[in-house]
Amino acid sequence: MANDSLLDRSRTVAGPGYNRWLVPPAALAIHLAIGQAYAFSVFNKPLGALISGDVNKPAPDDWTPTQIGITFSIAIVLLGLSAAIFGKWLERVGPRKAMLASALCFGGGFLIASLGVHLHSIWLVYFGYGFVGGIGLGIGYISPVSTLIKWFPDRKGVATGMAIMGFGGGAMIGSPLANNLMGYFKDSAPQGVAPTFIVMGIVYLLFMQFGVWSIRVPADDWKPAGYVPSTEHNAMITTANVSADNAIKTPQFWLLWVVLLTNVTAGIGVLETASPLIQETFSDGAMGEGRGVTAAAAAGFVGLLSLFNLLGRFFWSSASDKLGRKMTYAIYFGLGILLYALVPTLGHGLQLTLFVVVACVIISMYGGGFATVPAYLSDMFGKYQVGAIHGRLLTAWSTAGVLGPLIVHTLHEHAKEQGLTGAAAYQNVFYTMAGVLVLGLLANLAVRPVKEEYYEKGPVTVEAGGH
């Protein structure tokens with residue numbers, strides 16, 4: 001059509017002979033950028049010292065850690081909500097327009113937040129990074145995943161792992177970038193935060209343009225050369241298609257919602273407590289003078305967990321192509337229950353090396369859960385509106401983002417009130433999270449193929465997915 005713009009889905013359809021391996025870098029460009037959200041904590045202390053200028057001695061007018069922490073919570077809640085709201089729109093307009101919207105919101109959120117920092121308005125920071133940036137997170141999170149599943153019907157787990165691995169690794173770029181920028185601008189602005197937000201907003205906006213303009217979608221009738229659908233796990237893989245509106249009417253959708261909710265809630269139990277947990281459990285008092293885990297070593301532990309979060313996303317989701325999604329989640333939950341229950345014992349026994357190994361395996365499965373679920377959804381509901389279905393399922397992540405920290409902080413504070421310290425102060429957290437995983441295991445075991453009454457009648461096209 002004459003009025004087609006470069007952003008229209010029709011302008012992104014790949015021609016014959018297009019190399020599908022050119023698509024994953026475009027997806028990674030988006031996820032590596034928005035994955036910065038995992039590194040937001042690097043701003044916590046600087047944002048809490050904008051008035052006093054001393055991160056160790058905040059002034060009465062400085063923002064409290066609780067006020068600052070709300071920013072990240074808003075962003076995660078909006079991630080899930082925007083993914084659910086805009087999922088069908090994404091399927092209709094295609095990934096290029098969606099990725100551009102994500103880039104504008106995510107980069108623009110930094111710019112608005114920088115004004116909030118300059119004016120010392122926490123509400124403007126909430127609106128910028130939390131609300132506007134959170135919308136960018138949600139749209140950006142689902143658009144590459146939906147596209148990759150369509151390009152890799154023969155390797156769905158590998159495809160989703162490649163994209164979502166980027167989200168897990170975004171903090172490994174975002175954290176040092178923010179630290180270096182704040183150090184550079186420290187003499188020109190309080191803690192260097194406002195100009196850092198401006199630079200990061202512009203850098204991420206530009207970086208994401210690579211994904212926006214290089215993304216391509218396959219033609220509706222495209223298949224990989226020599227592709228023959230596997231029958232190895234065909235009982236759980238549909239050849240039909242279910243719309244997003246019908247998907248949420250199925251028990252399978254809500255069972256998978258519980259699966260994601262429990263996996264994320266339990267994983268946050270480790271991520272939320274990682275640094276203080278290892279320092280308090282393996283302190284000088286427990287290990288002997290000079291042998292305890294220092295703050296620097298704890299930071300290294302957190303970095304190691306981030307690495308396994310990243311690697312787990314690719315390893316486990318790729319393995320699910322061979323094992324099947326249901327079996328892979330059974331491993332997440334079955335092995336996870338044992339490991340969560342083992343953590344307090346290792347803490348009491350001061351088994352530091354084993355403690356670190358177990359924590360890394362736990363976090364690898366936490367990351368793997370995120371990367372495997374889009375392929376699970378595609379198996380169950382087909383690729384027709386998988387982006388929209390995935391978006392609606394991500395409300396489980398939003399819920400877990402609130403529920404997980406609430407469980408952790410409530411149980412830990414109660415333990416401290418009882419005078420418990422070290423590993424004892426955290427043991428009920430891990431036992432409770434093991435119980436949460438039992439619920440996830442039961443939900444996963446209950447998943448069955450979707451009934452034919454929910455299938456779309458007649459042929460469907462991916463481009464019509466938003467109507």
Side-chain angles (χ1 to χ4, degrees), residues 30-31 34-40 69-87 90 102 105-106 129-131 133-146 160-161 163-171 244 247-248 253-272 306 309-310 312-313 316-317 325 329 332-333 336 362-363 365-377 386-408 433 436-437 439-440 443-444:
I30 302 299
H31 271 237
I34 63 176
Q36 181 280 333
Y38 270 147
F40 183 78
I70 290 173
T71 310
F72 178 75
S73 297
I74 293 173
I76 294 300
V77 169
L78 263 295
L79 185 160
L81 293 179
S82 62
I85 292 170
F86 293 107
L90 154 68
S102 170
C105 288
F106 188 66
Y129 191 95
F131 186 84
I135 292 174
L137 285 175
I139 298 174
Y141 191 89
I142 60 174
S143 53
V145 175
S146 170
T160 57
I164 295 179
M165 179 176 69
F167 193 86
I248 61 172
F253 175 88
W254 295 106
L255 288 169
L256 291 180
W257 194 92
V258 173
V259 163
L260 184 62
L261 172 73
T262 52
N263 189 62
V264 176
T265 298
I268 287 176
V270 173
L271 291 176
E272 276 284 308
S306 296
N309 184 4
L310 181 155
R313 289 166 188 253
W316 287 109
S317 61
R325 322 303 170 194
Y329 271 97
Y332 293 158
F333 292 122
I362 284 173
I363 291 302
M365 294 190 294
Y366 165 78
F370 278 116
T372 308
V373 80
Y376 207 162
L377 291 172
V386 66
I389 298 169
H390 185 209
R392 296 180 183 192
L393 195 82
L394 289 181
T395 54
W397 185 2
S398 298
T399 305
V402 175
L403 184 62
L406 179 64
I407 292 174
V408 170
M433 292 306 178
V436 168
L437 290 181
L439 296 177
N444 184 58

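Bear in mind the structure is a predicted one, so any value in this text is a computation, not a measurement.
When all heavy atoms of G80 and S398 are compared, the closest pair comes out as CA-OG, 3.0 Å. Annotation for A75 and Y129: closest pair CB-O, 4.1 Å, computed over non-hydrogen atoms. Between G138 and A83, the shortest heavy-atom distance links the atoms O-CB, 3.9 Å. Heavy atoms only, all atoms of each residue included: A244 and A388 are closest at CB-CB, 3.7 Å. Scanning both residues, I34 and S102, for their nearest heavy atoms gives CG2-OG, 4.2 Å. Across V373 and L393, no two heavy atoms sit closer than the pair CG2-CD2, 3.4 Å.
When only modelled atom types and interatomic distance are considered, Y332 and T372 share a side-chain donor-acceptor pair under 3.5 Å.
Going from atom CG of L137 over to atom CD1 of I76 covers 6.5 Å, rounded to the nearest 0.5 Å. Between T395 atom OG1 and I248 atom CD1 the span is 9.5 Å, to the nearest 0.5 Å. Once rounded to the nearest 0.5 Å, the distance linking CZ of F131 with CG of L78 reads 5.5 Å. Distance check, rounded to the nearest 0.5 Å: CD1 of I389 to OG of S146 gives 10.0 Å. With values rounded to the nearest 0.5 angstrom, L260 atom CG is found 12.0 Å from Y376 atom OH. Atom CZ of R325 sits about 12.0 Å away from atom CG of L256, to the nearest 0.5 Å.
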Worked check of side-chain contact (heavy atoms from CB on, under 4.5 Å) between M433 and I407: CA-CA 9 Å; M433 292 306 178; I407 292 174; 3.8 Å; yes
Verdict with supporting geometry, F333 and V259, side-chain contact (heavy atoms from CB on, under 4.5 Å): CA-CA 9 Å; F333 292 122; V259 163; 3.8 Å; yes
Take V77 and V402 through the test side-chain contact (heavy atoms from CB on, under 4.5 Å) and record every step on the way to the result. CA-CA 8 Å; V77 169; V402 175; 4.2 Å; yes
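The shortest distance between side-chain heavy atoms of P374 and V386 does not fall below 4.5 Å. Contact check for W397 versus L261: no side-chain heavy atoms found under the 4.5 Å cut-off. Residues L394 and I142 have side chains in contact (heavy-atom distance under 4.5 Å, counting atoms from C-beta outward). Between V145 and H31 the shortest side-chain heavy-atom distance falls below 4.5 Å.
Between Y141 and F370, the ring planes are perpendicular. Angles over 60° get that label, and only those under 30° would be called parallel. Below 30°, between 30° and 60°, or above 60°: for W254 and W257 the angle between ring planes is between 30° and 60°, a tilted geometry.
For an aromatic pair to be called close, the ring centres must be under 6.0 Å apart, and F167 with Y38 satisfies this.
Judged by distance alone, with hydrogens and angles left aside, the side-chain atoms of T160 form a donor-acceptor pair with the main-chain N or O of A371 at under 3.5 Å. Checking side-chain atoms of Y329 against main-chain N and O of G369 turns up a donor-acceptor pair under 3.5 Å.
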